[in-house]
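This report concerns only the one structure given below.
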Amino acid sequence: MCGIVGVVGNNNSVRIAIDALKRLEYRGYDSFGVSVLHDQEIFTKKSVGSAIEKDNQGFFVDVPPAPLVIAHTRWATHGRVTEKNAHPHHSYDGNFSLVHNGVIENYLEIRQQLLEQGVQCKTETDTEVIAHLLAKHYEVSGDLLKTIYHTIGELEGEYAFVFLTRHDPDHIYAARYKSPLVFGSTPDLTIIASDQTAIAPLTKNMTFIREGDVVKASFNKAVCYEQADGRLVEVQRESVHIPWVDEALGRHGHPHYMIKEIYETPTAVETALKLRRVDLEPIVNDLVKRQLSITGAGSAFYASQIGQYYFADLANKYTYVHPSDEFLNLFKISNNDHLITISQSGETFDTLEVTRRAIQVGAPVTSISNMFGSTSHRLATYPIFQGAGAEVCVLTTKAIVSQAIILFILATLLGKKNGTLTSSQAEGLLDDAHRLPEAMGMIFEKYQPKIKETAIKHKDITNWFFIGRWMYYPVAMESALKYKEVSYLHAEGMPAGFFKHGTISLIDDDFYTIAFLPKEESYPDIFHFTISNISEIQARGGKVIAFGHEEEGHKDIKSLYDYIQLPTVNKYLDPILHLTAGQLLAYHCAIALGREIDKPRALAKSVTVR
Ligand code: GLU
């Protein structure tokens with residue numbers, strides 16, 4: 001999940017690399033470091049913390065100007081968060097300096113072999129062994145391409161790495177397997193990085209490095225090699241023009257990206273609603289014929305679950321939905337299946353593993369991703385680009401809403417196609433969705449003060465239930481996740497009908513619950529059943545704050561500890577409004593607690609490790 005950058009350019013390369021690194025910080029930010037090749041010597045500087053903050057304090061001013069630079073922002077998988085464990089890592093002979101994203105699964109075995117050859121690792125990371133292997137193989141061959149070939153042959157797991165070496169003052173080298181890497185060249189420099197946002201301000205012509213490929217980069221071009229016949233063979237790889245990448249980042253007057261991005265949800269919804277029918281038709285046609293599964297991780301999994309209800313209700317289609325980290329343990333996907341994957345970054349490791357399996361067995365894959373040109377986008381049979389705009393806050397807000405809307409559109413179109421919905425019902429539902437942006441605006445303006453007040457008042461409550469039935473169940477799960485992620489308070493999401501089977505023993509006078517209620521007239525059963533569950537909590541002294549709808553006259557609403565009104569659109573789209581309300585609750589609670597809003601501890605935006 002780390003961010004990697006390598007630059008070959010002129011004496012301005014350090015600044016270029018640091019600025020690119022800062023654009024990657026959403027990927028991980030527990031520590032960082034940089035190496036340059038200066039007068040045949042490698043100079044390295046690293047630290048714990050955030051590269052952005054340290055750069056503002058002048059951390060990099062004493063890094064000597066040099067044309068070759070590698071840089072890294074880390075999200076530790078192996079080894080504590082210490083300066084020593086921060087990347088770059090050096091080989092035992094000091095000739096190689098390397099940054100890595102991924103996990104070397106056989107690193108303990110390699111460590112042991114190195115030890116037997118007299119090389120002792122100095123850090124706790126899995127990464128360090130790669131630097132030593134490079135040095136070892138170079139001792140034997142004296143040839144850098146052979147060295148890389150033999151080194152990657154020994155690695156198990158996943159990696160994207162970039163290194164510089166005293167053996168070659170003109171080039172940096174990179175290799176990838178499963179973890180992402182992309183490069184671009186201009187007449188004056190080549191930049192290699194973990195994703196396109198790092199590169200975009202320098203060039204929009206990008207080459208996505210293929211799995212197993214190796215790259216040798218000089219100041220104005222990069223040459224790709226593939227592994228063939230026991231060696232690396234030069235190969236032509238096409239670059240693609242990626243015009244859309246959002247460089248206009250900035251909080252635009254908002255105190256945090258999280259709130260800015262929540263406020264951008266109406267636009268993200270409008271963009272999703274503009275997806276062209278001609279692009280969606282082939283997916284819908286395929287769904288008529290095949291079994292459907294949906295997968296994602298974290299919030300994207302909850303979006304998948306919301307989609308499961310949409311397909312069930314609107315298209316009478318049962319959907320297999322599993323979190324991507326467990327998907328392959330449960331489901332033997334075949335070419336009878338159509339897989340929909342959901343990943344904001346399009347680089348989520350676990351989700352890509354499912355994608356690869358699906359492709360292997362010939363199952364068509366639709367990917368819903370917010371990163372144009374991401375791995376999931378490129379692998380998919382039917383890539384859907386969300387176009388929700390860059391999401392910088394590590395917590396997803398507008399992107400998960402846009403994912404849910406895209407699933408709603410697909411389910412509605414399928415329902416129309418297979419006759420579950422009449423044409424006018426389907427078009428009516430799609431028309432209704434255009435009212436969501438306005439309803440969201442009402443939440444921001446009219447109902448946010450109450451949400452904020454509730455969040456502040458309860459900021460010291462350290463244990464919560466979040467409950468809901470039907471689509472409000474994944475809404476509750478997602479809202480609890482958001483609450484935990486940013487407030488660091490314990491919030492347990494579950495179906496409202498489930499907690500009476502055990503978890504109810506936690507309820508006492510000091511226990512607080514957030515419940516999500518549909519509008520009574522939209523879905524009477526779900527409303528009444530949820531009210532019954534709320535009564536079960538209240539009977540034991542528990543306090544229940546419910547999110548519900550305006551003008552709700554039901555008598556039990558009055559007995560609630562607290563009630564937060566939201567606008568209404570229709571039965572199927574109201575749960576989407578609750579997602580936004582849940583995000584605002586989490587945001588205001590975390591503000592009241594003084595948390596790191598955009599970069600909560602231990603989180604990373606793009607989870608590119610297993
Ligand atoms: N495994 C490496 C480390 O812990 C890289 C981690 C990552 O890519 O997130 O330093």
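All ligand and atom numbering here is 1-based and tracks the order in the structure.
Counting the atoms of ligand 1 from 1 in the order shown, those under 4.0 Å from a heavy atom of Asn101 are 7 (C), 8 (O). Each of the atoms 5 (C), 6 (C), 7 (C), 8 (O), 9 (O) of ligand 1 lies under 4.0 Å from some heavy atom of Cys2.
Distances shorter than 4.0 angstrom occur between a heavy atom of Gly102 and an atom of ligand 1.
Contacts between Thr77 and ligand 1 below 4.0 angstrom, taking non-hydrogen atoms only, involve backbone and side chain alike. Only the side chain of Asp126 comes within 4.0 Å of ligand 1, judged by heavy-atom distances.
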Inset, instruction - Apply the test salt bridge (charged side-chain N to carboxylate O under 4.0 Å, His left out) to residues Arg356 and Glu353: give CA-CA distance (whole Å), side-chain angles for both, the deciding distance (0.1 Å), then the verdict. - result: CA-CA 5 Å; Arg356 290 185 181 106; Glu353 286 289 271; 3.3 Å; yes
Legend entry - Steps toward salt bridge (charged side-chain N to carboxylate O under 4.0 Å, His left out) verdict (Asp170, Lys216): CA-CA 10 Å; Asp170 299 320; Lys216 177 178 179 180; over 6 Å; no
Inset, instruction - Run the numbers on Arg23 and Asp19 for salt bridge (charged side-chain N to carboxylate O under 4.0 Å, His left out), then give the verdict. - result: CA-CA 7 Å; Arg23 290 192 288 277; Asp19 287 344; 5.6 Å; no
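Residue Arg74 has at least one nitrogen or oxygen atom sitting less than 3.5 Å from a nitrogen or oxygen atom of ligand 1, judged on distance alone. Between Thr125 and ligand 1, a contact under 3.5 Å exists for no N or O pair.
The aromatic rings of His87 and His72 sit parallel, their planes meeting at an angle under 30°, below the 60° perpendicular limit. Relative orientation of the Phe385 and His377 rings is perpendicular, given thresholds of 30° and 60° on the angle between their planes.
A cation-pi arrangement is absent between Arg176 and Phe161, since the terminal nitrogen or guanidinium carbon is not both under 6.0 Å from the aromatic centre and inside a 45° cone about the axis.
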